Protein chains: 2
Amino acid sequence: MNGREFKDAMYDGLAKLLKALSNPYRLEIIEMLSQGEKSVEGVVNSTNLTVANASQHLQVLKNNYIVKSRKEGHYVYYSLINDEFLSLYQHIIKYAVSEIAELEKTLNQQRKDNKSLNAVSLDKLNSMIHDESVLLLDVRPSIEYEFGHIMGAISMPISELMSKLKGFSKDKEIIAYCRGPFCVLADDAVRLLSEKGYKVRRLDEGYPEWKVKQSESI
Amino acid sequence: MNGREFKDAMYDGLAKLLKALSNPYRLEIIEMLSQGEKSVEGVVNSTNLTVANASQHLQVLKNNYIVKSRKEGHYVYYSLINDEFLSLYQHIIKYAVSEIAELEKTLNQQRKDNKSLNAVSLDKLNSMIHDESVLLLDVRPSIEYEFGHIMGAISMPISELMSKLKGFSKDKEIIAYCRGPFCVLADDAVRLLSEKGYKVRRLDEGYPEWKVKQSESI
DNA sequence: ATTATATTCAAGAAAAGTATTGAATTATTG
DNA sequence: CAATAATTCAATACTTTTCTTGAATATAAT
């Protein structure tokens, strides 16, 4: 293999990886799987995809070493291949949100619409978490909370939010988080709670970002 | 805009960025531009692309905020948009080379073929650079050296290598570098020099990686 | 002004990616 | 062992990306 062939092989391989990432549905699947493993059915339930189509997308991700799978009974459970990939994915998101003007604008509009513009960063959360008067709510489905959650967080799926929160004082500062910067569950929580008069903000990031940060600080 | 629309808008935008990156020629162009600005002609000269085709690829990169351009006389000079992108690009390369088995294998084979398997890492270089007996060679074209180079490096374009090196002692340890992990100029240098009996290794990375590392350590 | 040069534009053909449909496969359950 | 359920496979139509070709544009030099 000469120099030109070597370069071509490397760039072709690299482009293949990026092609696997360059589809909106596959990106959404990646975000889903960053919350923990999911069956094909599980992926279908939280997207607009048909079963066959979701399966195809998952195979593209698998063939490009982005996800792995294990079989149990009828089900095939997919999960992200490793934390190195998760870290890369988050780098991409972070770059896109801060450098692509259009995305930055869309994100800001969403936050404004939900009165969640005053989002708290992970770094800031760390310095607040020791404060007893801060209540950290994980508003994802409880299955995702069980796979892993930010230390000290209480599981409070958005569906149970209004009924479960009756007991809490309005003096407490509430911080809600979910899957990441694109996840709207925390926005919904902020909107619902602020309408009821609670002091509430969302976390800018989500559980996966916290997890990567934890593992990097060890 | 409801939650579903917001998510779709964000993932569509993200996929658009990744689509712009998911072409081998555009990746090669990005590597070229990470050495400093280049005209369309300059890009064409170091790839297999036609002028019109290179221009099209450059426009895709520009429309996706990956490169920027300035006009001077007949020429339009393109360069990477900022160091945040360069850092992201390098993260992608690093991930691909260490986690995609096929790419890792191809890279190793290339290094083996050129007797450059014992590559030196940037970290290691830093601790060696104070050693007077180490000679650091920048084997890129001199125009790229002039745009920027690793501190302490000597410009030694591969074309002038054999004639210029006559004066150097074979006791000195030589380290050659070029554009990055996929760049074959350093491999060529290692092969040529080791055949002549010099003690020579290549740097695993290249100038852009050094540059990003410098700016991060400030 | 005319000519030359670098780049971009526009249109069409070829190649690759995507969604849909229904059948096939694999493992579990009765 | 037949029936059921989750997933995958295969074929097709549709869309998008890519390369090629030749013309158009813009700037500099004569």
Side-chain angles (χ1 to χ4, degrees), chain A residues 4 7-9 11-30 32-33 36-79 143, chain B residues 4 7-8 11-30 32-33 36-64 66-79 143:
Chain A
R4 184 71 248 176
K7 279 173 86 162
D8 285 347
Y11 287 120
D12 283 355
L14 199 51
K16 193 162 165 283
L17 169 69
L18 288 160
K19 270 201 173 69
L21 290 175
S22 66
N23 173 285
Y25 295 116
R26 289 201 287 273
L27 292 170
E28 190 174 356
I29 290 173
I30 288 169
M32 287 305 303
L33 299 185
E37 65 173 18
K38 290 254 189 325
S39 65
V40 178
E41 203 183 18
V43 168
V44 167
N45 288 340
S46 44
T47 60
N48 287 331
L49 297 169
T50 63
V51 174
N53 199 6
S55 175
Q56 278 178 326
H57 280 305
L58 283 163
Q59 281 168 76
V60 171
L61 293 173
K62 190 177 173 185
N63 291 337
N64 286 280
Y65 305 94
I66 295 168
V67 308
K68 58 179 190 273
S69 66
R70 70 181 181 87
K71 197 157 191 174
E72 190 182 310
H74 286 312
Y75 299 89
V76 178
Y77 291 96
Y78 285 90
S79 54
I143 180 82
Chain B
R4 183 72 249 174
K7 279 173 86 162
D8 285 348
Y11 287 120
D12 282 356
L14 199 53
K16 192 162 166 281
L17 168 69
L18 288 160
K19 271 203 172 68
L21 289 175
S22 64
N23 174 285
Y25 295 115
R26 288 201 287 273
L27 292 169
E28 190 173 356
I29 290 174
I30 288 169
M32 286 305 304
L33 298 186
E37 65 172 19
K38 289 252 188 327
S39 65
V40 178
E41 200 183 21
V43 168
V44 167
N45 288 340
S46 44
T47 58
N48 287 332
L49 297 169
T50 63
V51 175
N53 200 5
S55 174
Q56 280 177 327
H57 280 305
L58 283 163
Q59 281 168 77
V60 171
L61 293 173
K62 190 176 172 184
N63 291 336
N64 286 279
I66 295 168
V67 308
K68 58 180 192 272
S69 67
R70 70 180 181 87
K71 197 156 190 176
E72 188 181 313
H74 287 310
Y75 300 90
V76 178
Y77 292 97
Y78 286 90
S79 54
I143 180 82

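A note on names: the letters A, B, ... follow the listed sequences, proteins ahead of strands, and every chain is numbered from 1. Note that the structure is a prediction, hence the values are computed from the model and not measured.
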Worksheet item: Looking at B:Ser55, does any N or O in its side chain come under 4.0 Å of the phosphate oxygens OP1/OP2 on C:dT7?
Response: no
Discussion item. Using every non-hydrogen atom in the two residues, find where B:Val51 and B:Val40 come nearest and quote the distance to one decimal.
Written reply: O-CG1, 4.1 Å
Worksheet item: What does A:Val51 touch in the nucleic acid at a heavy-atom separation under 4.0 angstrom: a base, only the sugar-phosphate, or nothing?
Response: base
Practice prompt. Flag the pair A:Arg4 and A:Asp8 as a salt bridge only when some basic side-chain nitrogen lies within less than 4.0 angstrom of an acidic carboxylate oxygen.
Written response: yes
Worksheet entry | Within 6.0 angstrom of B:Tyr11 OH, more than 12 heavy atoms from elsewhere | yes
Item to complete: Write down the distance between CD (A:Glu37) and P (D:dA6), rounded to a whole number of angstrom.
Response: 17 Å
Worksheet entry | Residue whose closest nucleotide on DNA chain C lies nearer the 5' end, A:Lys71 versus A:Arg26 | A:Arg26
Item to complete: Return the 5'-most residue of the pair A:Gln56, B:His74 with respect to DNA chain D, ranking by each residue's nearest nucleotide.
Response: A:Gln56
Worksheet item: Which part of the nucleic acid, if any, lies within reach of B:Tyr78 when heavy atoms closer than 4.0 Å are counted: base, sugar-phosphate only, or nothing?
Response: sugar-phosphate
Worksheet item: Should A:Tyr75 be listed as having a side-chain N or O under 4.0 Å from OP1 or OP2 of D:dT8?
Response: no
Worksheet item: Of all the choices, C:dT7, C:dT18, D:dC19, which nucleotide is nearest to the side chain of A:Asn23 once you look at every atom?
Response: C:dT18
Worksheet entry | Distance in angstrom units between A:Glu72 CD and D:dA6 C1', rounded | 13 Å
Discussion item. Please give me the minimum heavy-atom distance between B:Arg26 and B:Lys19, naming the atom from each residue.
Written reply: NH2-O, 3.1 Å
Worksheet item: Given that A:Asn53 and B:Ser39 both sit by DNA chain C, which one's nearest nucleotide is further toward the 5' end?
Response: B:Ser39
